[in-house]
Chemist: 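Encoded as structure tokens, here's the structure I'll be asking about.
Each chain gets a letter, A, B and so on, in the order its sequence line appears, and its residues count up from 1.
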Number of protein chains: 2
Amino acid sequence: MSITRYQVIRTHVLSLVEAGQLKSFDRVPSENELAEQFSVSRMTARKALQSLLDSGVITRVRGKGSFVADLQVTGSSLRITNIAEDVRAKGHTFSSVVHSLEEFNASGDVARRLLLSDGEAVFYSDIVHFDNNLPIQWERRYVLREQVPEYLAQDFNLRTTHDYLAQVAPLAAVRSSISAINADAKAVERLDVVPQEACLLVERLTESRDGIVAFSQLIYPGTRHKLGASYEL
Amino acid sequence: MSITRYQVIRTHVLSLVEAGQLKSFDRVPSENELAEQFSVSRMTARKALQSLLDSGVITRVRGKGSFVADLQVTGSSLRITNIAEDVRAKGHTFSSVVHSLEEFNASGDVARRLLLSDGEAVFYSDIVHFDNNLPIQWERRYVLREQVPEYLAQDFNLRTTHDYLAQVAPLAAVRSSISAINADAKAVERLDVVPQEACLLVERLTESRDGIVAFSQLIYPGTRHKLGASYEL
DNA sequence: AAGTGGTCTAGACCACTTG
DNA sequence: AAGTGGTCTAGACCACTTG
């Protein structure tokens with residue numbers, strides 16, 4: 001079995017990603033660009049990109065292009081939890097502090113996750129949730145305006161963003177990734193943790209039947225909170 | 001988005017399998033047969049069969065033909081992750097280093113999780129897994145001796161603990177928790193991270209039909225690895 | 001020799017997003 | 001209007017397995 005042309009192209013693009021020359025969400029050469037560069041037909045270049053899509057290395061959007069995917073490896077299963085219910089189920093008092101609720105010009109990672117152009121406006125909320133006055137979750141949420149036009153008019157002390165969104169834009173799909181980060185100055189302030197303390201970062205893209213609704217970043221003090229997942233086979 | 005021709009063909013073949021007209025190992029119509037039957041080009045028929053291959057519905061052998069695959073045991077989205085497969089799916093090289101494989105006297109947390117008394121002996125493995133020579137998972141596993149008597153005799157360079165355990169003690173239930181920790185000296189050594197770097201800690205209790213099998217601690221460099229979970233509702 | 005799947009070409013039309 | 005990815009065509013050569 002000799003090495004095929006599409007494998008050569010696949011390996012080339014993969015090496016760009018692995019060498020760090022292309023980072024998450026960076027644009028990957030298009031089918032036409034690769035076809036010209038490697039002197040192959042577009043279908044062959046396409047096959048290379050398609051195999052990278054299948055491997056989860058890139059994502060593709062018609063009309064826009066192909067992009068390096070977010071790091072993600074495993075697929076475990078996680079319940080979508082309602083933090084207010086979880087706290088109350090323990091017999092504790094749940095409360096929230098809304099730090100920001102405003103319009104925001106998406107850029108960088110946030111824009112790319114939401115498939116927006118740099119500078120497009122989204123709704124933004126910055127809220128900390130407490131369990132008996134101890135901060136347990138810092139929630140930053142970027143919401144598409146056309147999907148949830150009344151987002152800024154809500155009182156998120158009365159109802160969590162999760163509950164409100166579940167009502168106005170019922171979930172159809174959720175993609176989450178979980179990583180660990182060291183607390184920066186802002187996290188120290190919001191969550192009352194020690195500088196550099198390990199925290200859980202859950203990034204979540206939620207979709208309704210009408211498409212993407214929101215991108216959320218949920219940060220938990222690592223030592224104060226565990227995410228649970230269980231399944232029976 | 002209209003229904004494409006290859007989807008029509010895919011659906012047709014799939015319905016034959018689901019209706020039981022084609023059983024495991026039965027021959028599926030060839031690319032040429034389908035192309036003629038549906039009046040499409042061979043490439044379009046091929047795309048339909050290829051998508052069935054990707055879904056695990058059929059297998060294909062050059063020169064022989066396409067055949068209905070053996071019964072699938074897929075638990076849909078509740079996949080328990082196999083790190084070796086995940087790495088290889090990206091086209092990367094997977095390798096492992098076994099640091100310890102020995103008997104160990106359980107105590108504290110480990111004993112409690114396994115419902116043992118303090119000081120009872122279990123089998124213990126300490127292994128680091130690499131993605132292209134970059135450490136991505138440090139796995140410490142505590143295994144009940146009576147459930148897996150031959151655990152210490154295995155070569156976990158050839159087969160991961162996950163694969164071995166899946167074979168000798170099929171999973172019946174899994175309970176995981178995920179938290180964030182700051183890297184201690186041992187983690188720095190095993191995972192080649194910076195001291196205090198945030199890492200993901202996945203703790204997992206696995207059970208077979210005969211009861212608890214093992215307790216595992218899986219530690220991932222936080223910045224180098226994300227756990228992904230996605231579900232469609 | 002005839003049939004199979006694997007790769008590849010050089011075109012085409014389309015829906016969609018961006019300047 | 002130009003670029004993107006998605007689908008599709010009608011050919012081609014190939015390696016491989018089977019009668």
Side-chain angles (χ1 to χ4, degrees), chain A residues 1-13 22 25-69 105-107 111-122 144-146 210-212, chain B residues 1-13 22 25-69 91:
Chain A
M1 186 65 178
S2 63
I3 293 173
T4 61
R5 300 187 194 213
Y6 80 83
Q7 284 173 325
V8 170
I9 300 172
R10 182 198 144 93
T11 302
H12 170 257
V13 175
L22 290 177
F25 311 112
D26 281 354
R27 201 177 156 285
V28 163
S30 71
E31 296 177 355
N32 286 321
E33 287 165 349
L34 289 169
E36 191 181 3
Q37 185 182 346
F38 286 88
S39 301
V40 299
S41 72
R42 192 192 133 208
M43 284 296 277
T44 299
R46 173 177 177 72
K47 192 166 180 176
L49 290 180
Q50 207 62 27
S51 82
L52 289 170
L53 177 70
D54 293 341
S55 302
V57 175
I58 64 173
T59 58
R60 317 193 73 194
V61 184
R62 188 199 307 224
K64 289 190 139 180
S66 302
F67 305 88
V68 179
N105 294 317
S107 65
R112 284 190 286 264
R113 294 292 194 99
L114 293 170
L115 302 180
L116 296 177
S117 309
D118 243 50
E120 275 196 78
V122 296
L144 289 191
R145 298 192 301 173
E146 57 269 34
D210 299 327
I212 292 174
Chain B
M1 188 63 178
S2 63
I3 294 171
T4 61
R5 299 187 194 212
Y6 80 84
Q7 284 174 326
V8 170
I9 301 172
R10 181 198 146 93
T11 301
H12 170 256
V13 175
L22 290 176
F25 310 113
D26 282 354
R27 200 177 157 286
V28 164
S30 71
E31 296 177 356
N32 286 322
E33 288 165 349
L34 288 171
E36 191 180 3
Q37 184 182 347
F38 287 88
S39 301
V40 298
S41 72
R42 192 193 136 209
M43 284 297 276
T44 298
R46 173 177 177 73
K47 191 165 179 177
L49 291 179
Q50 206 62 28
S51 81
L52 289 170
L53 177 69
D54 293 340
S55 303
V57 175
I58 64 173
T59 58
R60 316 194 72 193
V61 186
R62 188 198 310 224
K64 291 187 135 180
S66 301
F67 306 89
V68 179

Chemist: Could you tell me how far apart A:Q50 (CD) and D:dT4 (P) are, to the nearest whole angstrom?
Modeler: 16 Å
Chemist: Figure out the CZ/P separation between A:F67 and D:dG3, and round it to whole Å.
Modeler: 16 Å
Chemist: Could you tell me whether a side-chain N or O of A:K64 sits under 3.5 Å from a main-chain N or O of A:L115, the two making a donor and an acceptor?
Modeler: yes
Chemist: Between A:Q7 and A:T4, is there a donor-acceptor pair closer than 3.5 Å when you use the side chain of the first and the backbone of the second?
Modeler: yes
Chemist: Give me the distances for all protein-to-nucleotides 10-14 of chain D N/O pairs that come in under 3.5 Å?
Modeler:
unit_1: D:dA12; atom_1: N6; unit_2: B:R42; atom_2: NH1; d: 3.1

Chemist: Once ring-ring contact (aromatic ring centres under 6.0 Å, His included) is applied, what residue pairs with a partner in residues 34-62 of chain A remain, sequence neighbours excluded?
Modeler: A:H12-A:F38
Chemist: Please evaluate residues B:R42 and B:E36 with respect to the criterion salt bridge (Lys or Arg N to Asp or Glu O under 4.0 Å), reporting the C-alpha separation (whole Å), side-chain torsions for both, the decisive distance (0.1 Å), and the verdict.
Modeler: CA-CA 8 Å; B:R42 192 193 136 209; B:E36 191 180 3; over 6 Å; no
Chemist: Take atom CD of A:Q7 and atom P of C:dG6, then tell me their distance rounded to the nearest Å.
Modeler: 13 Å
Chemist: In this structure, how many angstroms lie between the C1' atom of C:dT9 and the CZ atom of A:F38, rounded?
Modeler: 18 Å
Chemist: Applying side-chain hydrogen bond (donor to acceptor under 3.5 Å, both in side chains), run through B:R60 and B:S66 and close with a yes or a no.
Modeler: CA-CA 4 Å; B:R60 316 194 72 193; B:S66 301; 3.0 Å; yes
Chemist: Between A:N32 and D:dG3, is there a side-chain N or O to OP1/OP2 distance below 4.0 Å?
Modeler: no
Chemist: Would you indicate which nucleotide in D:dG5, C:dT7, D:dC8 comes nearest to any side-chain atom of A:E31?
Modeler: D:dG5
Chemist: So that I can tick it off, tell me whether B:E31 and B:K47 are bridged by a salt bridge, with the cut-off set at under 4.0 angstrom between side-chain N and carboxylate O.
Modeler: no
Chemist: Using a cut-off of less than 4.0 Å, is there contact between a side-chain N or O of B:S66 and OP1 or OP2 of C:dT4?
Modeler: no
Chemist: Rounded to whole Å, please give me the gap between CZ in B:R27 and P in D:dT18.
Modeler: 12 Å
Chemist: B:R46 vs B:S41, test: side-chain hydrogen bond (donor to acceptor under 3.5 Å, both in side chains). Steps then yes/no.
Modeler: CA-CA 9 Å; B:R46 173 177 177 73; B:S41 72; over 6 Å; no
Chemist: Is the shortest heavy-atom distance from the side chain of B:V13 to the side chain of B:L34 under 4.5 Å?
Modeler: yes
Chemist: Answer with base, sugar-phosphate or nothing: what part of the nucleic acid does B:R5 contact at a heavy-atom distance below 4.0 Å?
Modeler: sugar-phosphate
Chemist: Counting just side-chain N and O atoms, does B:K47 come under 4.0 Å of either OP1 or OP2 of D:dT7?
Modeler: yes
Chemist: What integer distance in Å separates B:L53:CG from C:dT7:P?
Modeler: 11 Å
Chemist: Could you tell me if the side chain of B:V28 sits less than 4.5 Å from the side chain of B:L52, heavy atoms only?
Modeler: no
Chemist: Measure CD/A:E33 against C1'/D:dG5 and give the value in whole Å, please.
Modeler: 12 Å
Chemist: Quick one: are A:V8 and A:I3 in side-chain contact, heavy atoms under 4.5 Å?
Modeler: yes
Chemist: Counting only side-chain nitrogens and oxygens, does A:R60 get under 4.0 Å of the OP1 or OP2 atom of D:dT4?
Modeler: no
Chemist: Quick one: is C:dT18 close enough that its OP1 or OP2 comes under 4.0 Å of any side-chain N or O from A:K64?
Modeler: yes
Chemist: Got a minute to check which stems DNA chain D is part of, using Watson-Crick or G-U wobble pairs under 3.5 Å, three or more consecutive?
Modeler: C:3-16 with D:3-16
Chemist: Within the pair A:Y6 and C:dC8, is there a side-chain N or O less than 4.0 Å away from OP1 or OP2?
Modeler: no
Chemist: Starting at atom CG of A:L115, determine the distance to atom P of D:dG5, rounded to an integer number of angstrom.
Modeler: 14 Å
